[in-house]
Amino acid sequence: MNLLDGLNPQQHQAVTASPGPVLVLAGPGSGKTRVLTHRMAYQISNQNIPPQNILAVTFTNKAAREMRSRVEVLLEGDPAQASATTQMTMGTFHSVAARMIRREADVLPITREFVIFDDSDQLSVVKRIMKDLNIDPKQIPPRRVHSAISTAKNELIVSQEFPSSSYFNEIVKRVYEIYERQLLVSNALDFDDLLLFVVRLLREHEAVRNTYRRYYQHILVDEFQDTNTAQYVLLQLLTGEGPDIFVVGDPDQSIYRWRGADYRNVLRFQEDYPKAQTILLEKNYRSTQNILNLAMAIIDKHPGRQRKKLFTDRGEGELIHFHEAYDEADEANYVLEMIDRLNNEGQAEPNDCAVMYRTNAQSRVIEEAFLRTGRPYRLVGAQRFYGRREVKDLIAYLRLIHNPEDQVSLLRVLNTPSRGIGDKTVATLFSVAENAGVSPAGVLLDQAAGSGMRYEGAFSKRAGAALTEFGRMLKKWREKAAEAAAEADLGDLIDTILSDVGYQTYIDDGTEEGQDRWENVLELHSLAQEFSDLGLNIFLEHVALISDQDTLTESQNAPTLLTLHTAKGLEFPIVIIVGLDDGLIPHQRSFDDPEAMHEERRLFYVGITRAKDRLILLRSFRRRSFGTSSVAEPSRYLEDIPLDLVEGDVTGILTREQTVFRKQTSWDWQPHAEELVAQFGAGMRVKHAAFGEGIVMSSKIEQDDEEVTIEFEEHGVKILVASLAGLETLDD
DNA sequence: ATCACAATACTTTTT
DNA sequence: GTATTGTGAT
């Protein structure tokens, strides 16, 4: 089989383009990934390019894995190249960078044992620095300082170059300087440093630069519109003169501006490589024409953009289904109903369905609906595993063992579980360490080794004993880890730690939650076990760089729950987008920034274009924002939907105006609100036309109506508005 | 130093 | 409604 078979003329042109800079601009569903993988297979198979000289950068590790298996399939007909894919470098910018840094650590101000600080580690460093500088976290939120530092790093601005152009920036600059030093003494890099350090490495070390340029002669980049400055410069440094660089992207799908991504890198690419061939992929292979028409209706309202026609020969397909639910619980139930209906009609397996939302917080209600009805689901991302306290604790222990300089991990585990080392003792330890010119963990190890004489009298008897005890354990674990490296058993190491600190009794309090936590610990244990051959080093890197997005399991036949952001690059036969309310889509945080608002529109566009066969849009009339429930306005994007594309609760799309009307009228009714008296009380038996019989759990006056919470025998807990629900009271 | 409970801020989006 | 921080009693 020829691997060029089945490509359309545009795709064929892209795959076989002569070496040199190539820019592929392509709409959604146009086979971007296909073109990229075919190009790689073509290079190996037809152009005899050694696979190890190919570097392919993607957006997630999952995408990289998928890319590898696709190339493998393409090369199957070519036995000579059977093992070629294993020699290629594929991964995210960050994983590629981490490997390069590890390899070239000699010329960098860190050692090979460096650890990678994640978001929460970074924030805790910033918080600690701000506390030391006596900056009031209420006036200057640490989050904003951290994000300013991160943005600067993505723009390759180091602390000395950071402008002190305002009071806030002056503060950031001062924190940034100390932050940089803190990371260095901790022998740690954060996410942004991984890119920054590689750029510095390649800029400042000609020999290294030339080595990599010779090595990676062919570079391919997916999702190019979401590269940031650091990544763009990194690519430039890697390619040098006369590069064979092949980038694929779609400016309409740029959704990571807030993290430094700049779709103008596409324009920059054309300027920097004037000889670059630009190839357009126009035909859509994914969606039905109705879905594409909706996508165009939405994205064409995006200002300052070239219109693209999205077309397919798949036919019109089904209409877009729209529904307005009463509240988010109702919305969640509707999701289940739709999935059931499609399943019963034989249109789709649960597997084919994806539920997408703007914020992770929205997943909870939907999860609850699934759990309540005992249905399986797959949740992508969001603190599912690696963000968990118990997992972070255990990783912190491992990081400390691997790299005792890591102060963030030390602070995390020093008194977890509590062992009599309080704030005061910690402060003393750090100042003793500083005076002695040793790291805090170094002091502990000295104490444990009995060479702590020079700290004599620094600690109280009790504190000293507690610290020495911890030092002994740390020393023992380090010896064990060195041994484990030889005997390859990380599970054993973890067992030792867990039993030494009594972690199970600390985390598992017998409650269901406690057992869950302990199970997470065991899961990490078995994951570590698998990494025994590769070593602690690689395990820690894996844990830092893998994201929960990458752990999507394909095994069970269940719908996928994910954010619109994580949906990028994926496709599903059935897509259900929930929460089409103003404030969610578009998100309220973007309201005051026009650029951010454009990005919200693109994000909605990305969501729509994930759908192959059917698209279902949902919103709810009421939504709980933070504690209290209130009336939500329909998304402004609903106004852009041509009504002839929609079926279902079509009038719901018009409710934006109606809502305004409702608000005005309810204003008139407001004076009566206090006079309303609850008609229902806890314990009353009631009957509802659709939901059947149930028991009132509670009832309260909300705005101008009565909200009754009822547990129905067959339909679970619902919150209903008395005047609309038509409830009938039953006597026992 | 530690625990329990209360008050408080807080939620975009993620490598 | 929840994660984090603050307070007061032991």
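Excluded from the calculations below are hydrogen atoms, water molecules and symmetry mates; all remaining heavy atoms, backbone and side chain alike, are included. Order of the sequence lines sets the chain letters (A, B, ...), proteins ahead of strands, with each chain counted from 1.
A salt bridge links Asp581(A) to Arg623(A): at least one charged side-chain nitrogen sits closer than 4.0 Å to a carboxylate oxygen. The residues Asp393(A) and Arg412(A) are annotated as salt-bridged, a charged nitrogen and a carboxylate oxygen being separated by less than 4.0 angstrom. The existence of a salt bridge linking Asp252(A) and Arg602(A) is excluded, since no basic side-chain nitrogen approaches an acidic carboxylate oxygen closer than 4.0 Å.
The side chain of Thr425(A) contributes an N or O atom lying less than 4.0 Å from OP1 or OP2 of dA1(B). The shortest distance between the side-chain N/O atoms of Ser95(A) and the OP1/OP2 oxygens of dT15(B) is not below 4.0 Å. In this structure, Arg389(A) does not reach the dA3(C) phosphate: none of its side-chain N or O atoms is under 4.0 Å from OP1 or OP2. Close to dT4(C), at under 4.0 Å from its OP1 or OP2, lies no side-chain N or O of Lys127(A). Look at Asn228(A) and you won't find any side-chain N or O under 4.0 angstrom from OP1 or OP2 of dT15(B). OP1 and OP2 of dT15(B) both lie 4.0 Å or more from every side-chain N or O belonging to Asn61(A). Put simply, Thr60(A) has no side-chain N or O that comes within less than 4.0 Å of OP1 or OP2 on dT15(B). A close approach under 4.0 Å does occur between a side-chain nitrogen or oxygen of Asn415(A) and OP1 or OP2 of dT2(B).
Take the nearest nucleotide of DNA chain B for Asp192(A) and for Ala596(A): the residue whose nucleotide is more 5' is Ala596(A). When each of Ala361(A) and Tyr256(A) is assigned the nucleotide of DNA chain B with its nearest heavy atom, Ala361(A) is the one assigned upstream, toward the 5' end.
Nucleic acid contact for Arg364(A): sugar-phosphate only, since backbone atoms but no base atoms lie under 4.0 Å from a heavy atom of the residue. Looking at heavy-atom distances under 4.0 Å, Phe59(A) makes contact with sugar-phosphate atoms alone, never a base.
For Lys138(A) and dC10(B), the NZ to C1' distance is 13 Å, given to the nearest whole Å. The nearest whole Å value for the distance from the CG atom in Asp423(A) to the P atom in dT7(C) is 14 Å. The distance between atom CG of Leu570(A) and atom P of dT14(B), rounded to the nearest whole Å, is 12 Å.
Within 6.0 Å of CZ on Arg264(A) lie no more than 12 heavy atoms contributed by other residues, nucleotides or ligands. Counting heavy-atom neighbours within 6.0 Å of Asp423(A) CG, excluding the residue itself, gives a total of 12 or less.
Considering only side-chain atoms of Asn360(A), the nucleotide from dT15(B), dG1(C), dT14(B) that sits closest is dT14(B).
Separation of the P atoms belonging to dT13(B) and dT4(C) is 15 Å when rounded to the nearest angstrom.
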